[in-house]
**Q** 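Structure in structure tokens, see below.
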Amino acid sequence: MNRKEKSFKVVGAPVPRADGDGKVSGGTRYAADVELPGALWGKILRSPYPHARIVRVDASRAVRVPGVRAVVTGEDAKSCYIGKQIRDMPVLCWDVARFIGDRVAAVAADTREAAEEAVDSIDVEYEQLPAVFDPLEAMKPGAPLLHANVAAYGGAPKDTLATDFQNGLTRLAWKKGDVESGFRAADLVIEHTFRIPARHQGYLEPHASVVAIEDGGRIQVWMSAKNPFGVRSQFAYAIGVPEESIRINAVNVGGEFGGKGDGIDLPIAYLLARKAGRPVKIVMTYAEELTAGNPAHPTIVTVKSGVMRDGRIVARRLRAVHASGAYGALKSKASLATGHYVGVPYRVENSEFEFLQIYTNTVPGGYYRSPGAIATVFALESHTDLIARELAMDAAEFRLKNLIGDGEEDAVGHRLTDVRFREVFKAALDAAGWKKPKPARVGRGVALTARHISGGDTGVVLTAERDGKFVVLSPTIDQGSGTHTILRQLVAERMRVSVDQVTVVVGDTDTTTKDSGVRASRVTYVAGHAVVQACDTLRKNFLNQAARLLECAPGDVEYGDGKFWLAQEPAQQVSHNRVLAQLDGRRSVTVYEDYPYPDGVSYFCAQVAEVEVDPETGAVRVRRIVSAHDVGTIINPIGHQGQIDGSTVMGFGQGVMEELVIENGRVLNSNLGEYKLPSIKDIPNLDTVLLESAGGVGPLNAKPIGEFANNCPPAAIANAVADAVGARLFSLPVTAEKIYAALAKQGR
Amino acid sequence: MKRIVRLCVNEEEVELAIEPSTLLLDVLREQMGLTGARRGCESSYCGACTVLLDERTAHSCTLLAALVAGRKITTVEGLARGAALDPLQQAFIERNGFQCGYCTPGMILAARALLLQNPDPSEAEVRRALDGNLCRCTGYQKIVESIMEGAKHYRREKK
Amino acid sequence: MKFDLLEPATIGEATALLSARADARILAGGQSLLLMIRSGLVRPATLVSLNAVGGLAEITAGPTDGLSIGALATHANILASPLVRERAPLLAMAVERIGSTPVRNFGTLGGNLCHNEMGGDPPPALLALGAEAECAGPRGRRRIPLADFFTDYFSTALAADEILTGIAIPRQPAGSRALYLKHAMRPGDLAIVGVAALLEMDGGVCRRARLALGGVGPVAFRAYEAEKLLGGARLDEGAIDAAAEAAAAMCDPIDDAHAPAEYRKKMARVFVRRALRRAAAGEER
């Protein structure tokens, strides 16, 4: 770590997290831990068919199960839809079910066992309809149609609808220059297609939703959600009540990685609670998570590049087709935010990028830590290696030739400042010993990613308490990343107090300012600035008041250690408490801001994987992953490193083992024994290199870190396997049997 | 039909009426309010529900409560002595051995089971002892560091 | 999940319960059965726990230097047993590879064998050790050679009212070399292929070989054809290859979430070859 000594006192220190006590002792409360008097267990009946007309639902046996208090079916929620933006997902299907796992009916009962028994006793008559699973098949004219009129759905993003295709949902596209003439001018034109499977976010806490309706009709909610305000508005729309009648209470979230931004089960819990007259809790089983959650989209990426013999990329066309699954409801704008990373880090004068979302009779896809990046980066960076090989260039040399530099434009036309791609990349190569000799069957592979981050609204209420402490009332959920500790450090730094003097209270939708949630690596940027802004205002209030007491100009007041003094005459002092006593209403500051999307900066990460392949079995052992990051001021180094470690291992898992195996619309691996997540015994050696530079849009030049190291490992590993034994894989995950098959094919 | 069982949880004896099919996890969470045993995969893969049974690592989602009557059950709530956290708990805080916290009680208990038997484990022994506990947030590095740190205190206590 | 739970005090009572209730299942450590019930794969109305039956977890020396392991001995019990390490290290090698710590703490050998899931680790090891299943039922006790015990996916030769009470492992010939090798994506996963080899060597010549495979067919099996080729042969590359070929020819795997069938079969050959090579060279890890 090369953190330069700065004048910061608290920022940059490895401050332990204040939420540690609760988390290590079991006291931390997650949504499933919420106990309300008289609460019932809710359980959802799901479609066993990928596409079927619901002919008849008979719940007469279910209502007779002892302990059952309410049963609801699609008839209770006719024409009720839910969604982040496009509301195309029925709260409960009343006419057609569109994937195995679609919600058809639900039960609330005294016990979980009774609810399960009752759900099994609901008789549904289905008429099976033709179904389509592969997005390329679904796009063909005449393919079974999932949605007759996409544009008619509430919230349909009119500008990006792709209804020119059968089952088309949305299209995101970027264009620059003239790609066809670029291809014509190129010495070499190369095209590859890659397939990336569905993957689950793998958070350990399954979705939990608790709804209670108060006598006056007020709706109280506790839910594992990273964006309480977004969930509130989805829920309000779905059940047709004003947002203000709903309170989303704050609870901890047991990991989410993009997957917990939707209140899909809330309307069902609400309907059950209304019918039963009692609170209802719905906790998904992990089998439900894996079969009917909101996984990363199966994606087919075709990328074609025109290159010159000297290694310059002159034209590129990329088309990614995502299987949206049955609905577009679980992604904002009904698409993935691929615009954040598809254009960087290479210079391409002529380009076309197109991302299509196509409806399929499979589990609907959602957001996933840097949504769409794994697919895009795996395709682009595998393709990059393949081009280098074709040009007989070293994979690193070829990349260096094409990386954009400071002030240049990326492939989708963002002009970027503070670009340090080259330096960070070289640092990764050095740390990995890129050119060092290696044993037989050992290979090294590199992959790069760069991304923009998002802005949006958030706020904070900062209050100076009479005991000298500061309280931050924040709408930002800490889903595990340590945000609240960062906010405490910023306040401590700014107000010149120790970090113990600062408390963060997570507010709920009644008590805090609006906030658009934890997403797109924006939190330190937006929440950090909000808190710094609040500190600056509060500090000004203090200094003004202190100046009055000291009978001087505010500019002449110094402060720290609980007192204010005259800069020229330090003996002239006034205590913090005395100033505070006279502040009255000015001791609390509210900030609410909509922070702009910083489109002129893109942050960068380069990773090198070193693997060993057993050619007899295809088994691949990842020996080491080196991650190099472009960083700014690191507010909390242990939290920062935790983000790098965790995201690297998540990327490693997606590289070598993770895949939701979907056959004819059915997820075959519906438990965590068969859907494999990396265990503590699987982890390669992890090395980190941090290069500090300017360009951080966060407070005090902070840069984002949470969604970088997870994107490259699959491509780096695939490239390393090719380097080790010459086997090139065009699909994820990089498994032993695929490598074995590729080697066998080469042998023939 | 419900039956009465006597469970010994965190050194306290409790009598509870349970169904024969009730899992230990459900008794701890729903009847005793010990929600530190987390509901995760409920199929013995993730370890969020880990407790100690006679000081050995157990997944409470895969044990029938009726069959553990009389045996010593420890949940994460039973580790601290008054306000004083167990040294392992303290080490997890200092070394940032958690993020979202959902796996944390299980990690700490599985580590404790190891350290009670072997307060001087190698990293490889730590990894083997924790092979039934998944974490999606940390990449495990800081968990291993936390346990190695906590082990120092266990060694000192044993002396 | 709803069932009745009975805890008989003797094996006799337990088998009587099984005879009386057709929908009853024996519960040992519960590490597999409870998961199957939870996921709705089986729905027994009654579970008969053997918890209260004394002596079923014991590991004792057999009459002729063999070994007897009670059906309720946990994997952890087996790993902690000096007797197993001394007399059947091959079993310890396999048991070490099972699942995870909690599963090894509470899962039992008997439960593992009766569950008989494809890719389990103990079956090939016990087959190579020439073990027998000790069973008790209303018609008395009997011993079933393990090779006859596994009948199909998740099925055994036990009658509906019979209980596996233990495993008898005969004395292993002096100078025998044993090895268990496993191929899996993660260490504790079910085996894509598990190979147990036990060789009686006389210099470079194999006097007698026992070779068993798991994960590559409905049940774990002894590769008799390969054993025949190995008996009396000098274990050079040619003999090893021929045996591996013969063993692979006996495989009949299926595709599942862990690996495709074709790959399993190919790996059977590779791992048999490796196991034989390493066992012949005296490696025991």
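Chain identifiers are assigned alphabetically (A, B, ...) following the order of the sequence lines, protein sequences preceding nucleic acid strands; residue numbering begins at 1 within each chain.
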**Q** Heavy-atom pairs under 4.5 Å with chain C - which of A:Thr735, A:Asn671, A:Thr285, A:Thr617 has more of them than the others?
**A** A:Thr617

**Q** If you draw a 6.0 Å radius around CZ in C:Arg25, do more than 12 non-hydrogen atoms from other residues or ligands fall strictly inside?
**A** no

**Q** Starting at CD of A:Glu616, measure out to CZ of C:Arg273 and round the result to the nearest 0.5 Å.
**A** 5.0 Å

**Q** Is it the case that more than 12 heavy atoms not belonging to A:Glu663 sit under 6.0 Å from its CD atom?
**A** no

**Q** Quick one: do C:Arg38 and A:Glu116 make a salt bridge, cutoff under 4.0 Å?
**A** yes

**Q** Side chain, backbone, both or neither: which part of A:Ala736 has an atom under 4.5 Å from a heavy atom of chain C?
**A** both

**Q** Can you say whether C:Arg264 sits under 4.5 Å from chain A via the side chain, the backbone, both, or neither, judging by heavy atoms?
**A** neither

**Q** So how far is it from C:His183 NE2 to A:Glu737 CD, rounded to the nearest 0.5 Å?
**A** 8.0 Å

**Q** For the interface with chain C, which of A:Glu113, A:Glu659, A:Met657 has the highest count of heavy-atom pairs at distances below 4.5 Å?
**A** A:Met657

**Q** Which pair of heavy atoms, one from A:Asp120 and one from C:Arg43, lies closest together, and at what distance?
**A** OD2-NH1, 3.6 Å

**Q** If I measure from the heavy atoms of chain C, does A:Val620 come under 4.5 Å with its side chain, its backbone, both, or neither?
**A** neither

**Q** Look at C:Met185, C:Arg186, C:Lys2 and state which one has the largest set of heavy-atom pairs under 4.5 Å with chain A.
**A** C:Arg186

**Q** Taking side chain as everything from C-beta outward and backbone as N, CA, C, O, which of these in A:Ser670 sits under 4.5 Å from a heavy atom of chain C? Side chain, backbone, both or neither.
**A** neither

**Q** Measure across A:Gly673 and C:Asp189 and return the closest heavy-atom pair with its distance rounded to 0.1 Å.
**A** O-OD1, 4.3 Å

**Q** At a heavy-atom separation under 4.5 Å, does C:Arg269 approach chain A through its side chain, its backbone, both, or neither?
**A** neither

